[in-house]
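Notes follow once the structure below has been shown.
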Amino acid sequence: MTVPYDPEVIEKSARDQWDSARVFEVDEDPGKDKFYCLTMFPYPSGKLHMGHVRVFTISDVIARFHRMQGKHVLQPMGWDAFGMPAENAAIQRGIPPAQWTYKNIDDMREQLKRLGYAYDWSREITTCRPEYYRWEQWLFTRMFDKGLVYKKNAVVNWDPVDQTVLANEQVIDGRGWRSDALVERREIPQWFMKITAYADELLAELDNMPGWPESVKTMQRNWIGRSEGVELAFEVEGRHPPLTVYTTRPDTLFGVTYMAVAAEHPLAAKAAEGDPAIAAFIEDCRKTGAAEATLETMEKKGMPLGISAIHPLTGEEIPLWVANFVLMSYGTGAVMAVPGHDARDWEFAKKHGLPIRQVIAPADGSRIDIDNSVFVDKGVLVNSGEYDGMDYQTAFNAIADHFEQIGSGRRTVNYRLRDWGVSRQRYWGAPIPIIYCDTCGAVPVPADQLPVVLPEDVEFTGVGSPLKDMPEFYETDCPTCSAPARRETDTFDTFVESSWYFARYACPDADDVMLDERARYWMPVDQYTGGVEHAILHLLYSRFFQRVMRDEGLTERAEPFTNLLTQGMVLKDGAKMSKAKGNTVDPQALIEQYGADTVRLFMMFAAPPEQALEWSDDGVQGSFRFLRRFWTAVHAHLDAGPAGELDLATLNAAQKELRRKTHQTIEKISDDIGRRHAFNTAVAAAMELLNAINKLGDATELDRAVVRESLSAVVLMLSPIVPHICDALWKALGHSEPLIDQQWPLVDRDALQQDMIELVVQVNGKLRGRISAAVDADNDSIVEQALADPNVRRFIDGKTIRKTIVVPGRLVNVVV
RNA sequence: GCCCGGGUGGCGGAAUUGGUAGACGCUGCGGACUUAAAAUCCGCUGGCCGCAAGGCCGUGCCGGUUCGAGUCCGGCCCUGGGCACCA
């Protein structure tokens, strides 16, 4: 009998061979066509989960495929090592976050190696190491010098019991996750990066990124949210300064029936002085989390302030309200309300009995009842004095011109995008390199004093950051005047580390510069793969950082990722696999049971990469059985005897058919993997070909020659997905050069030729028959043949043929 | 609430540019092999009608465009992701 399929043995053998020959370690070689293949690096949470296995396998298949296409492939791996889970683990287990993190990294690295990924481990990056984060500290100080960072107050979730800032995730139903206290909004000073300075460029360049999914580009466009509108001032009665508001719909200005300000607005505070009810309302508004989803879904509440603004065109008195849905931190903290033509304003007006006025009529002349339903479309102005009858654009220009002429307004471009707040009141992150001096203010740490090292040996209690209790950390001297000064104890948002790691893989050991000339060789990333959940924040921050690095002269490229693949989640029983739901499947156990190839194959076969993947134990079984069938097929073929010469001139019909199937399959799988990233259909095509191979059999030397060609092609084409078994089978087929150095198989065009093809015949679009026609048959003879088909005749006899449609190579449709 | 996806047999999915709906695999059922079981191999497997040939219905729901719609358009339902301090 043949050799049994023993994954453990063959997988170790393949790994040892790759390791000892260091086949995945690459240097810069300008003579070669580089291909930089990257996945979003993992957070070292403890153990590998199925989501990791999925994304890493997708990327590995792409990397190995391009290697076989002759590309000089770099595929690195590293660790996004700062973050909250390490602090939580420290609280629960009393282990310092650093120790917990490093242990997890060691465990997960071993698991990754067992999966046979083609990583260049010599470039491994760990973001919590000072030699890594020193360079983002350095870049921050450069941005400081250029005015790209600044400090301002920003809203956080405040837990009044634990006296600590909470992440949005730590706010459950409006309460602190540990204290259960009602969370409040609080403003504290924080550092910001001016991503808005790049808003136009980040938006415009999306049009030149064909390698990104449309959905991701659309999300980013909407997130940046460029709008053109008018900023205009409303005078306020009494001795108050005017209120400035921004609107994209100046055409609806005559429909303003009230205005609303944020709870934190000075006008609200003024009104509260004389009215305890308003003061109580303002106090109440603060008792909510800061997340936008919370603010947008909560009940819209408001109170009149007893102050009026003056309508700038009609002179009417407009009542001022304080409302919980207006935020001080966005825009001017005040909005004008047009209930007739804005859904939120309409609902608020209905609830509080405020007047609703129609000032826009539908362009098609139809009538609407503004008291029954809001009308938000653009149309023609009515009830708007001299502007009546104008369309949106005419009115926009006329009103904008008016305000610009009288000097109480101007056209502006507004962005929804806000600057990036990078301060975190946490311990386990990269220290923000700023020193506060009583005389010199905030001073960036000079380059020769970087990195500001985070002390790793700490007592971590969970109440506040230990850095705030470590004088040996925060006590220092001012770099400018040498007076005693205090270090910033806030750390960076962990998105800062992940916004530039991709470039650092090019030169992870550079110790006197952030990026060196090697980054010019490897950047940009040719293929980036990761979860859709990163479609906006991580990917936008990375595009921003790449531009900051470009403007610093570190790289020429503006865009970091040429092609983007966003992969779906791994589900079990319809829900995302998670510890909380208790529906996880441990990859390690499966690898031990079936081997890495089976797990890799199942991941690639069960669903296309962008879609959610439903876990199935039976499906994994099936993948294992396929690999065993594959193994047996090759060995049975070898046992059947030597293969003869592949003499194409003497092939019989069945042999020709297998060759055609083989080369059709090479064509299909090349396209499926290389262009479509449809790994599931690539595997299906390989399975089909193997079925066809088994059907032909190994009876004669010529059969065996044809089968040998087909089997070799299957081994080569499946090798990116299941590299270990293919390595062993390649050797078994008698090849002396290792599979890892082989080129992708080529299509033999001659083998694809066929004389006859099958066409479908439809009558009125319904399938009624099939005909076999010569490839080069003309339309008339095809129609003639179609009309002669007995079953087709049943449906056309006695009827008039109005039209016949021939779709070449596919079908004939007879319309009767 | 706002932005972006998804919905096809018992299940995962296929149908790539508007052209044969259900490839490939799983499950299930039947058979071969076996003392038996496992493993393996062969056959069938969307629903309804029919001995068969074949017919009718069918891609979340309602409507439209077209010779032809899973695919395009309008409206709705359900569901997943994101919403700036989870990563």
Side-chain angles (χ1 to χ4, degrees), chain A residues 40 42-43 45 80 82-85 154 156-157 165-171 190 213-216 218-223 225 290-298 300 325 343-344 416-426 493-495 498 531-538 540-541 566 568-569 571 574-576 602 605-608 610-623 625-626 628-629 632 668 671-672 675-676 678 680-681 683-688 691 758-767 770 790-791 794 802-805 807 810-811 813-816:
Chain A
M40 295 179 187
Y43 177 79
S45 53
D80 189 13
F82 278 132
M84 277 204 316
V156 293
N157 303 303
V165 174
L166 299 178
N168 286 336
E169 192 190 49
Q170 297 170 318
V171 180
Q190 312 219 54
E214 273 314 315
S215 58
V216 174
T218 304
M219 278 191 268
Q220 292 214 347
R221 280 188 195 103
N222 293 338
W223 186 262
E292 187 176 311
T294 311
L295 297 166
E296 288 283 333
T297 49
M298 69 190 178
K300 310 287 183 285
F325 55 85
R344 192 177 64 186
R416 211 186 73 92
L417 180 69
R418 310 196 301 258
D419 279 334
W420 178 12
V422 294
S423 295
R424 296 293 179 269
Q425 297 70 46
R426 288 184 214 299
D493 177 4
T494 57
F495 272 124
S498 57
V532 241
E533 64 271 24
H534 295 295
I536 294 172
L537 294 180
H538 162 61
L540 197 59
Y541 292 150
T566 52
M569 294 181 308
L571 310 178
K576 181 180 180 172
F602 173 72
F605 181 55
E610 304 84 2
Q611 271 180 40
L613 182 152
E614 183 67 39
W615 186 261
S616 156
D617 291 327
D618 287 332
V620 179
Q621 271 270 338
S623 293
R625 276 205 296 269
F626 169 75
R628 195 164 52 190
R629 249 189 340 264
T632 312
K668 174 164 176 56
D671 188 50
D672 277 357
R675 180 181 64 88
R676 299 174 64 210
N680 54 330
T681 55
V683 172
M687 287 173 168
E688 271 189 73
N691 290 343
E758 188 186 70
L759 293 174
V760 159
V761 185
Q762 298 178 335
V763 178
N764 288 348
K766 293 206 176 209
L767 175 64
R770 293 163 203 277
N791 199 48
R794 289 177 48 209
R802 283 180 30 217
K803 197 175 177 186
T804 55
I805 295 151
V807 182
R810 286 201 176 266
L811 58 76
N813 189 13
V814 183
V815 185
V816 296

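None of these values were measured; they are calculated from a predicted model. Naming: A, B, ... by sequence-line order, numbering from 1 per chain.
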Quiz item: Which of these nucleotides, B/A14, B/U20, B/A87, is closest to any side-chain atom of A/P608?
Solution: B/A14
Quiz item: Among A/N764, A/T804, A/I805, whose side chain to side chain contact (heavy atoms under 4.5 Å, CB included) with A/V814 holds?
Solution: A/T804
Quiz item: Looking across every strand, which nucleic acid part, if any, lies under 4.0 Å from A/L295 by heavy atom: base, sugar-phosphate, or nothing?
Solution: nothing
Quiz item: What nucleic acid atoms does A/A535 come within less than 4.0 Å of, heavy atoms only: base, sugar-phosphate, or nothing?
Solution: nothing
Practice problem: For nucleotides B/G63 and B/G18, find the distance between their P atoms and express it as a whole number of Å. | Solution: 25 Å
Self-check item: Distance in angstrom units between A/N168 CG and B/A87 P, rounded
Solution: 11 Å
Quiz item: Distance only, no hydrogens: is a donor on one side chain within 3.5 Å (strictly under) of an acceptor on the other, for A/D80 and A/S498?
Solution: no
Contacts under 3.5 Å, N or O only, protein and nucleotides 46-55 of chain B:
| unit_1 | atom_1 | unit_2 | atom_2 | d |
| --- | --- | --- | --- | --- |
| B/G54 | O2' | A/R794 | NH1 | 3.4 |
| B/G55 | OP1 | A/R768 | NH1 | 3.2 |
| B/G55 | OP1 | A/N791 | ND2 | 3.3 |

Quiz item: Within the structure shown, what part of the strands sits under 4.0 Å from A/R810 by heavy-atom distance: base, sugar-phosphate, or nothing?
Solution: sugar-phosphate
Quiz item: Rounded to the Å, how far apart are A/M219 CE and B/G80 C1'?
Solution: 12 Å
Quiz item: Could you state the NZ-P distance from A/K668 to B/A15, rounded to the nearest angstrom?
Solution: 6 Å
Quiz item: Does B/C56 pair with anything, Watson-Crick or G-U wobble, both distances under 3.5 Å, and if so, with which nucleotide?
Solution: B/G47
Quiz item: When all nucleic acid strands are considered with a 4.0 Å heavy-atom cut-off, which category describes A/H534: base, sugar-phosphate, or nothing?
Solution: base
Exercise. Determine the interatomic distance between C1' on B/G6 and the same-named atom on B/G60; round to the nearest Å.
Key: 11 Å
Quiz item: CG of A/N222 versus P of B/C4: gap in Å, rounded?
Solution: 5 Å
Exercise. Go through the structure and list residues passing ring pair (Phe, Tyr, Trp, His ring centres under 6.0 Å) with A/Y43, not counting sequence neighbours.
Key: none
Quiz item: If the C1' atom of B/C41 is compared with that of B/C33, how far apart are they to the nearest Å?
Solution: 8 Å
Exercise. Name the nucleic acid region contacted by A/Y43, choosing base, sugar-phosphate or nothing; use a 4.0 angstrom heavy-atom cut-off, strictly under.
Key: sugar-phosphate
Practice problem: Using atom types as modelled and distance alone, determine if a side-chain donor or acceptor of A/T294 lies under 3.5 Å from a backbone N or O of A/A290. | Solution: no
Exercise. Using a heavy-atom cut-off of under 4.0 Å over every strand shown, decide if A/M298 touches base, sugar-phosphate, or nothing.
Key: nothing
Quiz prompt | C1' spacing across the pair B/G9 / B/C24, given as an integer number of angstrom | solution = 15 Å
Quiz prompt | Separation of B/G80 P from A/E610 CD (nearest whole Å) | solution = 20 Å
Quiz prompt | Salt bridge present between A/R416 and A/E292 (N-O < 4.0 angstrom) | solution = yes
Quiz item: Over how many whole Å does the gap from A/Q611 atom CD to B/U79 atom C1' extend?
Solution: 14 Å
Practice problem: Would you kindly give the CD1-to-C1' distance between A/I536 and B/C2, to the nearest whole Å? | Solution: 11 Å
Self-check item: Length of the CG-P vector between A/N764 and B/U20, whole Å
Solution: 16 Å
Quiz item: Can you find a side chain N or O atom of A/K803 that sits less than 4.0 Å from OP1 or OP2 on B/U66?
Solution: no
Exercise. Using a heavy-atom cut-off of under 4.0 Å over every strand shown, decide if A/V814 touches base, sugar-phosphate, or nothing.
Key: nothing
